[in-house]
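Reading through the structure tokens given below for one structure.
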Amino acid sequence: MDDSQLLRYSRHILLDEIGIEGQQALLDAHALVIGAGGLGSPAAMYLASAGVGHITLVDNDTVDLTNLQRQIAHTTQRVGQPKAESARLTLQQINPGITVTALNERVDDARLAQLVAQADVVLDCTDNFATRHAVNRACVAAGKPLVSGAVIRFDGQISVFDPRSGAQPCYSCLFPQDQKFEDVACSTMGVFAPLVGVVGAMQAAEALKLLMGVGASLAGRLLMLDGLHMEWTSIGVARNGACPVCAAK
Ligand SMILES: [Zn+2]
């Protein structure tokens, strides 16, 4: 790190749990953020400000006026532009010293496998179950930790699925792929703006901790937020021995 980096990251370096070593681990890391919307905006902005050296943003959508109420990486001037590129501009303005790759594409299983293999941590910031399951399958297959967040209306949830432990559940253990979920997207159901900030920032916090190997992650726990009454609930979640995604691993 040069003098400017030492200054930029000084409030991290001052923390005993982080120090120069932890900050260097962040600078050397590659985070994959899937979705540059409500969760992906704050998550990626904190990863960028905190100095994650390479961030890859994936989103195939464009910025819409209805996104701006909560998707804080985007601006009124960028309505109509690809979200991944719009978010990249925001991240590079916050921190020009990192590499940000913007992928304006819809990712299938094969592409996800490729992208996940290159990342040290994966953040699921999408809003549909099909993509969530595809991301989970790729992370289990590649043995990469997955930080998963979701928000709808006034409710949020967050967990970490870490296949490296061998004992923790994967996303599919909790939410089986064959289960019929009502796939309710923010686009139709509404979402209270700051909740995506709360959950997205927590996804960044968990991702940074995983990259530095500090503290204890949310693996094996699901945190649920009732934003209307501002109550958090933490429940332990176990591995499903018959899970078709992770049981054979
Ligand atoms: Zn599983």
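Both ligands and their constituent atoms are indexed starting at 1 by order of listing. Computation of the quantities below employed the complete heavy-atom set of this structure, encompassing side-chain atoms and omitting hydrogens, waters and symmetry-equivalent molecules.
Panel note: side chain Thr62, backbone Pro82; no donor-acceptor pair is recorded below 3.5 Å. No side-chain donor-acceptor contact under 3.5 Å links Lys83 to the backbone of Gly37.
Here the closest non-hydrogen pair linking Val140 and Val245 is CG1-O, 3.7 Å. Scanning all heavy atoms of the two residues, the minimum distance from Pro163 to Cys139 falls at CG-O, 3.6 Å.
Looking only at atom types and distance, the side chain of Gln114 has a donor-acceptor partner in the side chain of Arg111 under 3.5 Å away.
Only protein N, O or S atoms were scored, and 4 of them lie under 2.8 Å from the Zn ion (ligand 1).
The side-chain heavy atoms of Leu68 and His74, taken from C-beta on, include a pair separated by under 4.5 Å.
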